[in-house]
Amino acid sequence: MTETLFGGPTLPPAYPERAAWGTAPKLRAWQQEALDLYLKSSPRDFLAVATPGAGKTTFALRIASTLIDSGAVNRVTIVAPTDHLKRQWADAAAKVGIAIDPNFKNSDGQHGRGFIGVAVTYAQVASKPLLHRAKTEAARTLVILDEIHHGGEALSWGDGLREAFDPAVRRLSLTGTPFRSDTSPIPFVEYAEDRDGIRRSKADYTYGYGNALRDHVVRPVMFMAYSGQMRWRTSAGEEMAASLGEAAVTKDITSHAWRTALNPAGEWIPAVLAGADKRLSEVRRTVPDAGGLVIATDHEDARAYAGQLKRITGESPTVILSDDAKASSKIEEFSAGEKRWMVAVRMVSEGVDVPRLSVGVYATSTSTPLFFAQAVGRFVRARKRGETASVFLPSVPQLMALANSMEMERDHALDRPEKEDGDGLFNPEDSLMEEANREEKASDSLTKGKFEALDSQASFDRVLFDGGEFGTGGEVGSDDELDFLGIPGLLDAEQVGTLLRQRQHEQLNRKNRKSPAAAESQAPAVPDHRMLMDLRNELAKNVAAWAARTGTPHGVVHTKLRTVCGGPPVAQANEEQLKSRLRKLQDWFVGRK
């Protein structure tokens, strides 16, 4: 190991070969700032939270090289979620002269000669923690824990990590998503109680998506949402139908409509795949090697989607299945090539580095914040200024809320906060209704748990970007859809927002020209309670997103909207008053006063 390999700005800022725009040949600003903080305090434990695509690998390897050079450590152990990520870490480390053995097995006892350390999986550590403890004790060891939130996935995993790496002289924990859907404590992470008495993870350094977007480190993400009519049969033989994403339905109906949409035998998923491929063609006009990724629920769906993409494009996509021994080599081949599409289940949802991915299809029924953020993280890595990302997804409330809160920073909470309503106030009627619904579900869970998808149709719903929503909906293949599919592939975040507002304005003008009498039509004598409920739900989601962005309580936001727009409280507001508040919120999101 030489000074050239480990010193100064010669360490490349991003992996693999191509650095993001404006970063070469030195560390990105956040990486340098975090490194300075680390070297100043020389902590035994350090947690760095950085949005996917920001360059956590580079940051960690600079720390490793510095500690090796100074003699503070003489062994490095890297713990990653998957076998593919072990090899990815080893390849990145090799480029700066750190020899890491990713092929080490627990049965080997010793890593190969010529290596300074190993890359292992969390499962590998959990199965033989005493073996890894002995290796840790035998040298001054730096442990790099990649995506450390996996350490809380099971009690045995957490216990195994503590047992194995308690003797380490240094532990560097990394994650792009510090939150988990459960409340299992994560090893080597500090928790602090907030004002509400909830214990939350405490990061030593945080670099969120919003900051990375402003620094042009990551791409702006447009979410292309598709709705449509779904029809299915319950196990009791009852045929049901619903609009995908309809707010005034139960969670069971939403779930079944969602699963019907993803059924390869229906018309929804082929229409969305065709739209995504049109978007990819537009992006490839300016980014010739841009690629697309479909994230499927299971192997059967993945193979079916691949067949549909072949019919659409004439090219067989790369299919990545978890039980395929060649999965890692297939990912590497796709990353280095120029093929249009890759289809996978969960294997590429986290950490896998394919910088040319620009278009995604979220064709899975998984809706946890952790999985969603990691999946979207596959598309945000920027290679040069102006590259955009587009993610196609079902128009269902869970995903819409997650897409609208892309910039929200979360910490891992060990305690559950009480639920709040849209105004930030506890609603006892909603609580009673939830309890009743739980009792109903318990009594007939056997009949509601199964269904048979019958048919599905797709329609373009809207585009979500930077907390705002754009578009007036439209049929698949219509100008209303093509307006957004044809947005150029090289735009910065501000240009994307400007163009989306322009396209929406053009659509509204086009609709008004087609039906000039629509504006003069009389309002119905009886209010449409479903429409009012939809508008209230939409307003509540947007208020929540604005409250998260600004740190303003929900109730204060509602009060300000009433002051600016006039009218009664949300529960008494009519259709026009609710729409007025939604328009005002959108103005706030896009920076207009």
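This is a predicted model, so every value here is computed, not measured.
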For Arg279 and Gly486, work out which heavy atoms get closest and say how close.
-> NH1-C, 4.1 Å
Compare every heavy atom of Asp45 with every heavy atom of Asp204, then report the nearest pair and how far apart it is.
-> OD2-O, 4.1 Å
What is the minimum heavy-atom distance between Leu280 and Gly292, and which atoms define it?
-> CD2-N, 4.1 Å
Side chains of Thr58 and Arg62: closer than 4.5 Å at any heavy-atom pair?
-> no
Phe334 six-ring centre to Arg356 NZ/CZ under 6.0 Å and within 45° of normal | yes
Ring centroid separation Tyr362 to Phe372 under 6.0 Å = yes
Would a distance-only check, ignoring hydrogens and angles, find a side-chain to backbone donor-acceptor pair under 3.5 Å from Lys56 to Ala50?
-> yes
Interatomic spacing from CZ in Arg462 to CZ in Phe470 - rounded to 0.5 Å = 12.0 Å
How far apart are the closest heavy atoms of Thr366 and Leu399, and which atoms are they?
-> O-CD2, 4.5 Å
Pairwise side-chain contact, Leu293 with Trp341, heavy-atom cut-off 4.5 Å (strictly under) | no
Donor-acceptor contact present, side-chain Gln495 to main-chain Asp492, <3.5 Å | yes
Tell me yes or no: between the side chains of Glu147 and Tyr122, is some donor less than 3.5 Å from an acceptor?
-> no
Closest non-hydrogen atom pair, Pro264 against Gln308 = O-NE2, 2.7 Å
One should read off an interatomic distance between Ile487 CD1 and Leu482 CG, to the nearest 0.5 angstrom, of 11.5 Å
Begin from the C-alpha positions of His132 and Val79 and carry the test side chain to side chain contact (heavy atoms under 4.5 Å, CB included) through to its verdict.
-> CA-CA 11 Å; His132 294 278; Val79 188; over 6 Å; no
Quick one: do the Gln88 and Glu332 side chains pair a donor with an acceptor below 3.5 Å?
-> no
Could you tell me whether the side chain of Lys326 reaches within less than 4.5 Å of the side chain of Ser329, counting heavy atoms only?
-> yes
Determine whether Phe223 and Val376 make a side-chain contact, defined as any pair of heavy atoms from C-beta on separated by less than 4.5 Å.
-> yes
Can you list the steps and then say if Val319 with Tyr305 is a side chain to side chain contact (heavy atoms under 4.5 Å, CB included)?
-> CA-CA 10 Å; Val319 181; Tyr305 297 161; over 6 Å; no
Tyr38 and Arg170 side chains, donor-acceptor separation under 3.5 Å | yes
Answer yes or no: does atom CD of Glu300 have more than 12 heavy-atom neighbours from other residues, nucleotides or ligands under 6.0 Å?
-> no
Would you check, one step at a time, whether the test side-chain hydrogen bond (donor to acceptor under 3.5 Å, both in side chains) holds for Tyr207 with Glu33?
-> CA-CA 10 Å; Tyr207 186 64; Glu33 186 177 46; over 6 Å; no
Thr388 OG1 to Glu282 CD distance, which is reported to the nearest 0.5 Å = 9.5 Å
Check each of Val463, Leu500, Leu464 against Glu469 using the side chain to side chain contact (heavy atoms under 4.5 Å, CB included) test, and report the only one that passes.
-> Leu464
Any side-chain heavy-atom pair of Val221 and Val380 under 4.5 Å = yes
If you round to the nearest 0.5 Å, how far is OG1 of Thr318 from CD1 of Ile320?
-> 6.0 Å
Inspect the contact between Arg28 and Asp215 and indicate whether a charged nitrogen and a carboxylate oxygen are less than 4.0 angstrom apart.
-> no
Rounded to the nearest 0.5 angstrom, the CD1-OG1 distance for Ile100 and Thr77 is 7.5 Å
Salt bridge between Lys330 and Glu333, side-chain N to carboxylate O under 4.0 Å?
-> no
Compute the ring centroids of Phe460 and Tyr226, then answer whether they are less than 6.0 Å apart.
-> yes
Donor on one side chain, acceptor on other, Arg284 and Ser358, under 3.5 Å = no
Would you tell me whether Ser365 and Arg259 have side-chain atoms, one donor and one acceptor, within less than 3.5 Å of each other?
-> no
Applying side chain to side chain contact (heavy atoms under 4.5 Å, CB included) between Val294 and each of Leu273, Val345, Val359, report the one that passes.
-> Leu273
Start with the C-alpha gap between Arg340 and Asp289, add the side-chain angles, then the distance that decides, and say whether salt bridge (Lys or Arg N to Asp or Glu O under 4.0 Å) holds.
-> CA-CA 8 Å; Arg340 292 177 71 88; Asp289 69 337; over 6 Å; no
Ignoring hydrogens and geometry, is there a side-chain-to-backbone donor-acceptor pair from Ser478 to Gly474 under 3.5 Å?
-> no
Would you check if the side chain of Thr82 reaches a backbone N or O of Leu85 as a donor-acceptor pair within less than 3.5 Å?
-> yes
Tyr209 to Pro220 - nearest heavy-atom pair and separation = OH-CA, 3.5 Å
Does some side-chain heavy atom of Thr297 sit less than 4.5 Å from a side-chain heavy atom of Leu262?
-> yes
Short side-chain donor-acceptor distance under 3.5 Å, Ser127 and Asn106 = yes
State whether Phe104 and Lys135 meet the cation-pi test: NZ (Lys) or CZ (Arg) under 6.0 Å from the six-membered ring centroid, and within 45° of the perpendicular axis.
-> yes
Counting only N and O atoms by type, is there a donor-acceptor contact under 3.5 Å from the side chain of Thr206 to the main-chain atoms of Val49?
-> no
Please check if the side chain of Ser456 supplies one atom and the backbone of Ala261 the other of a donor-acceptor pair under 3.5 Å.
-> no
Leu174 and Ile148, any side-chain heavy atoms less than 4.5 Å apart | no
Would a 4.5 Å heavy-atom cut-off, applied to side chains only, mark Arg171 and Leu142 as touching?
-> no
Ionic contact status for Arg219 with Glu387, cut-off 4.0 Å = yes
Distance-only polar pair, side chains of Ser459 and Ser227, donor-acceptor under 3.5 Å = yes
Before accepting this row, confirm whether a basic side-chain N of the pair Arg503/Asp483 lies closer than 4.0 Å to the acidic partner's carboxylate O.
-> no
Any side-chain donor paired with an acceptor under 3.5 Å for Trp268 and Asn263?
-> no
Which residues satisfy the ring pair (Phe, Tyr, Trp, His ring centres under 6.0 Å) test with Phe59, sequence neighbours excluded?
-> Trp30
Can Lys86 and Asp91 be counted as an ion pair, charged N to O under 4.0 angstrom?
-> no
Neighbour count >12 (heavy atoms, 6.0 Å) for atom CD, Glu315 | yes
Within the distance-only criterion (no hydrogens, no angle test), does the side chain of Ser335 pair as donor or acceptor with the backbone N or O of Ile331 below 3.5 angstrom?
-> no
Candidate pair Val120 and Ile78, rule side chain to side chain contact (heavy atoms under 4.5 Å, CB included), full reasoning = CA-CA 6 Å; Val120 295; Ile78 299 170; over 6 Å; no
For Lys278, the side-chain hydrogen bond (donor to acceptor under 3.5 Å, both in side chains) test, sequence neighbours excluded, returns none
Ser390/Phe379 under side chain to side chain contact (heavy atoms under 4.5 Å, CB included): CA gap, chis, key distance, verdict = CA-CA 8 Å; Ser390 306; Phe379 308 96; over 6 Å; no
